[in-house]
Amino acid sequence: MTGVLVLAPRVTESGLAYADAARRRGMRVETLREWRVPGELAEAAGVHLYAGPLFADTVGAELGLGLLEPDQDWLARLPRAVTRRDVVFTTLARARGLRRAAFVKPPDDKSFPARVYPNGAALPGPDVADGDSPVLVSGVVLFLAEFRLFVLDGTVVAATRYAVAGDLDPAGDDPRCAEAIDFAAALFAPEMPALPSAVVVDVGLMADPETGRPEWAVIEANAAWASGHYAADPDRALAAVLRSGGPRALVRPADEAYLRALPEVVR
């Protein structure tokens, strides 16, 4: 395979793993030194990206990228049978009115920390995020173990455990990865809210609030081009990363609805 994998200046362990996997595919790897696109790279063919949302917004248009991401309200539209908790898609302004503890997160960026807030007054103020910023609000639950699945055309191509009882603990050989894949298969059924052809889905074993028994539940879906591989096979995970963060001209018609709106950056 030809092409270029572009990494942000601050390279992570996942970035290094994806870089090695890209080279094994015959790709060139370019780590940018700053938040600018060199002239020769802006004109290069077959450019792909692995980076965070802010960096992607800065260089994505110049690189001619088509970045796929799930709908912001995808999790809230899932049936409770697979979320096992109430999830609401709303605005930060409305969430600031909460009078109870809730888990609150931005759906597609890191504008403020995703965590349990004791009430709405504890959420970030206008100096951090505008009131019309979208957020996902869900009940407070305990995930006993969390798993990341890299999905391509509705099939899981790589899987890894990434946390245990809320603490980071990656493991690619956890036998429950197979259970996670089996559980996630239902998410790609025609009657379920749709996802882009390349995406990351996180699922976990949740302690049932009434019985305490472990039950599988969906945690969230994320853009593959911005998702770390943890202990998943980087060669297989990279396939989803490349599809989700590749040339705009190669985006499939069915994926057009999942394109991230990239701002025009004036330098």
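Residue numbers count from 1 along this sequence.
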Any donor and acceptor pair, going by atom type alone, linking the side chain of [X] with main-chain N or O of [Y] inside 3.5 Å?
| X | Y | value |
| --- | --- | --- |
| S133 | A129 | no |
| T160 | Y162 | no |
| D182 | A185 | no |
| T58 | L54 | yes |
| S244 | A223 | no |
| R236 | V157 | yes |
| H48 | L242 | yes |
| R161 | D169 | yes |

Pair [X] + [Y]: basic N to acidic O under 4.0 Å:
| X | Y | result |
| --- | --- | --- |
| R176 | E146 | no |
| E62 | R36 | no |
| R84 | D208 | no |
| R77 | D71 | yes |
| D255 | R252 | no |
| R25 | D235 | no |

Problem set entry | Test: R148 cationic atom under 6.0 Å from Y230 six-membered ring centre, within 45° of axis | no
Identify the two heavy atoms, one from [X] and one from [Y], that lie closest to each other, and give their separation to 0.1 Å.
| X | Y | value |
| --- | --- | --- |
| A261 | D57 | O-OD1, 4.4 Å |
| R85 | V218 | NH1-O, 2.7 Å |
| A237 | A158 | N-CB, 3.8 Å |
| V116 | F103 | N-CD1, 3.8 Å |
| T31 | A8 | CG2-O, 3.5 Å |
| L123 | R96 | CD1-N, 3.8 Å |

Would you mind reporting whether [Y] and [X] have side-chain heavy atoms less than 4.5 Å apart?
| X | Y | answer |
| --- | --- | --- |
| Y117 | P124 | yes |
| V87 | V137 | no |
| V4 | M27 | no |
| L63 | L41 | yes |
| V82 | L187 | yes |
| V11 | L16 | yes |
| F112 | V135 | yes |
| R248 | L65 | no |

Can you get from [X] to [Y] by hopping between Ile, Leu, Val, Met, Phe, Trp and Tyr side chains that sit under 4.5 Å apart?
| X | Y | result |
| --- | --- | --- |
| F188 | F183 | yes |
| L250 | V241 | no |
| V156 | F147 | yes |
| W35 | L67 | yes |
| L136 | L195 | yes |

Problem set entry | Output field: ring centroids F143/W216 closer than 6.0 Å | no
Exercise. Can L75 and F89 be said to form a side-chain contact (heavy atoms from CB on, under 4.5 Å), step by step?
Worked result: CA-CA 8 Å; L75 184 65; F89 180 70; over 6 Å; no
Hey, could you give me the [atom1]/[atom2] distance between [X] and [Y], rounded to the nearest 0.5 Å?
| X | Y | atom1 | atom2 | answer |
| --- | --- | --- | --- | --- |
| R28 | E30 | CZ | CD | 4.5 Å |
| L5 | W225 | CG | CH2 | 13.5 Å |
| T155 | L149 | OG1 | CG | 12.0 Å |
| S14 | L238 | OG | CG | 11.0 Å |
| E215 | M206 | CD | CE | 7.5 Å |

Problem set entry | Residue pair L68, L259: steps toward the side-chain contact (heavy atoms from CB on, under 4.5 Å) verdict | CA-CA 5 Å; L68 306 181; L259 283 169; 3.9 Å; yes
For this session: Report yes or no: do R243 and S197 form a side-chain donor-acceptor pair below 3.5 Å?
Result: yes
Exercise. Judged by modelled atom types alone, do T91 and D132 share a side-chain donor-acceptor pair under 3.5 Å?
Worked result: no
For this session: Can you establish whether the number of heavy atoms outside E179 located under 6.0 Å from its atom CD is more than 12?
Result: yes
Exercise. Should we say atom CZ of R115 is surrounded by more than 12 heavy atoms from elsewhere, each under 6.0 Å from it?
Worked result: yes
For this session: Could you please spell out the steps behind the side-chain contact (heavy atoms from CB on, under 4.5 Å) verdict for L49 and V47?
Result: CA-CA 7 Å; L49 180 72; V47 175; 5.9 Å; no
For this session: Would you please test V200 and V151 for side-chain contact (heavy atoms from CB on, under 4.5 Å) and show each step?
Result: CA-CA 6 Å; V200 159; V151 183; over 6 Å; no
Exercise. In terms of ring plane angle, is the pair Y18 and F150 parallel, tilted or perpendicular, where the classes change at 30° and 60°?
Worked result: perpendicular
